[in-house]
Each structure stands twice: as structure tokens, then as C-alpha cells.
2 protein chains.
Amino acid sequence: MLLYVDLTDGRPVYQQLRDQVVEGIATGAIAEGERLPTIRQLAADLAINFHTVARAYDLLRQEGFVQVGRRNGASICVRGEAASPEWRAALRTTLAHAYAKGMASEEILRICREILATFQKGGTSSETTLA
Amino acid sequence: MLLYVDLTDGRPVYQQLRDQVVEGIATGAIAEGERLPTIRQLAADLAINFHTVARAYDLLRQEGFVQVGRRNGASICVRGEAASPEWRAALRTTLAHAYAKGMASEEILRICREILATFQKGGTSSETTLA
DNA sequence: GCGAAAGATCTATAACAGATATAACAATTG
DNA sequence: CAATTGTTATATCTGTTATAGATCTTTCGC
């Protein structure tokens, strides 16, 4: 799957990579058991330090999205609970943002459905993430 | 409205305060036109530096949630668009997290509805311009 | 109007996080 | 075995977060 780094984005690089992989799993761009590039390879491709990639992979492992082999690169291996308290809190804050701005619940839900439709069941696996 | 600081939370204090105010607007805990504590007062109450509170208020002002008077403290004053590209991206990442963990779209939407149900119903008089 | 209170601004500092750069080690693949 | 890869460790640099104190300006209550 295609991974990239947006230097204009204020968020940390390891967080950007983490989000791209999670969205890649959701859209089906990368499936269970498939491999990500090796740490050193991805670091070379993106022209960043391999520690930064290692940190992203380590975060994905801690969150239960991948397992990191000794020489095989990281492979997708989803495990653990879906709805953690932290996840619910983040979702609540995001929904509150739109609601506080005056958006109706029905409109918010419509956008949620729209986004969910771009995931695995909705579209083909050739979906790409947008900036 | 009651504001607090969680030192065990890894997120920045100014971000915690910002999120609490946004959720407070959504739930109706604080309404349009109502005032937040003054910067110095809130800093004293929470035993934190007033610069940190000032940063939270400034962020809320930039995001279009409050206006900061010269002596009155900050008052709720919502303006601007609800669904920015950044907001949609954050929502997409959060939804992808649950979807990638195997949660069904219907279950995700159910939780969204559950959260939205805890927000303010109907809205105040200045909620919408259309009848 | 006067003075106190509050926001705004500025500088300084300490602690922490993010990212880079090397180096060395362990394990596994071919 | 040898090369590749993940892991670990150290060091450095930068930016962010938070605190601290000082000063200025505005504005509200008296």
C-alpha cells in the first residue's frame, strides 16, 4: 500500500503513518496477513529516519493492528477490542465539535454513513486516502 | 460550567480545556452568550498557569467557539463552518479505527447515535436561520 | 475620573516530545 | 555462513508544553 508523509501537516510523522495504515485496513487497501514494507525500506522511500518508522510500527503493534516479525517486515494482524474508552472519548469530542457548530444530528450521521461507505463493504479496495 | 484538569491524561492541558468547552456547548452545559471564567480566575481554580488557560481560550477563539472580551471573560459565540476538511479527516480516522478492528458499520452508527443523544435537543433560538 | 481587575504581550526557563544520526547487537532468512 | 532486518542504546537538535514574572492597555465598578 502507498504511504506518504505530509510535512505541512502539523501532526507527528509517526502518527500520520499510523493513521494511514489504520485507514488502509478499513478500506481494504491492505488485508489481514499482508505485509507492510520493512522499517528500513520505508524509511528510505520516505526519506525519513528509520526510528520514526519503527515508532509508527510499534504504535500499531501496541494498538493491535500489526505484528512485527524478526525479518519479514510488519504484517497486518488485528486483535483486541474495537471500542476502547479512549476511542469513544475521541469520537465524542469529534462529534461534539460539529454539533456545537450547529450541525444537526441527522447531518452528522449522514456524513458518518458517507465515510463508512468508503470502507471495505462500500467500495472496491482501490480506494485511496485523501488529504 | 465545571472545568477540570486530568494530569494522568497524556494530552496537553490546553487541549483538555478546549475539548471540555466544545462538549459543554454540545451538551448545553453552557449556552450561546454565557460566560466562561476569566483567565486568571480559572487558572487559580485549577492551580495552573494563566498562560495555559489563555492558550485554551485563544484556540477556542480561533476555532470560532468563543469571543474574548477585555474584562468580561470569554463568552460563547459560535461562528464559522461546521464541517472543515480537518474535521472530516479526524472523523474518518476515528471511524476507521473501529471499522479496522472489525466493528460493523451499523454498530458504529449506533454508538454515534448514542453519543449524539447525549447532546442538546432542539437547540436555542439562534440555532438555525431557516424555518 | 480613578483605581483595580483583567486581557494582551514579552521574555525567560525548564521539562518533555518528535526526529535525526550513529553504533552495536540479536535473530532470521537465504 | 553472511547479509538483512528488527531491536536497543546513546547523543543531539528542534519544537512544544507549561511555568514564571514583568509590563502595558483596556474597561468596569466605585
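Sequence lines set the chain letters: A, B, ... in the order given, protein chains first and strands last, and positions in each chain run from 1.
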Counting just side-chain N and O atoms, does A/Thr52 come under 4.0 Å of either OP1 or OP2 of C/dT20?
yes
Could you work out which one of D/dG6, C/dA8, D/dT19 sits closest to the side chain of A/Val68?
D/dG6
Parallel, tilted or perpendicular: which describes the rings of B/His97 and A/Trp87, with under 30° parallel and over 60° perpendicular?
tilted
State plainly whether the residues A/Glu114 and A/Arg110 are in salt-bridge range, i.e. N to O under 4.0 Å.
yes
Using OP1 and OP2 only, check whether a side-chain N or O of B/Tyr14 sits under 4.0 Å from D/dA18.
no
By nearest heavy atom, map B/Pro37 and B/His51 onto DNA chain C; which one lands nearer the 5' end?
B/Pro37
May I have the distance from B/Arg61 (atom CZ) to C/dA8 (atom P), rounded to whole angstrom?
7 Å
Starting at CG of A/Leu60 and ending at C1' of D/dG6, how long is that distance when rounded to a whole Å?
15 Å
Rounded at 0.5 Å granularity, tell me how far CZ in B/Arg92 sits from CD in A/Glu23.
4.5 Å
Atom CG of A/Leu7 to atom P of C/dA19: distance rounded to whole Å?
10 Å
Note: B/Tyr99 and B/Ser105 closest approach over all heavy atoms is CE1-OG, 3.3 Å
Between C/dA5 and B/Thr38, is there an OP1 or OP2 to side-chain N/O distance shorter than 4.0 Å?
no
A/Gln67 CD to D/dG6 P, in whole Å, measures 13 Å
Rounded to whole angstroms, how far apart are CZ on B/Arg11 and P on C/dC16?
20 Å
Can you work out whether B/Arg40 or B/Ala47 has the more 5'-proximal nearest nucleotide on DNA chain D?
B/Ala47
Under 3.5 Å donor-acceptor pair, A/Arg55 side-chain atoms to C/dG18 base atoms
no
Need one value for A/Phe50: base, sugar-phosphate or nothing, where a base atom within 4.0 Å counts as base even if backbone is also close, heavy atoms only.
base
B/Asp6 CG to D/dA18 C1', straight-line distance once rounded to whole Å
16 Å
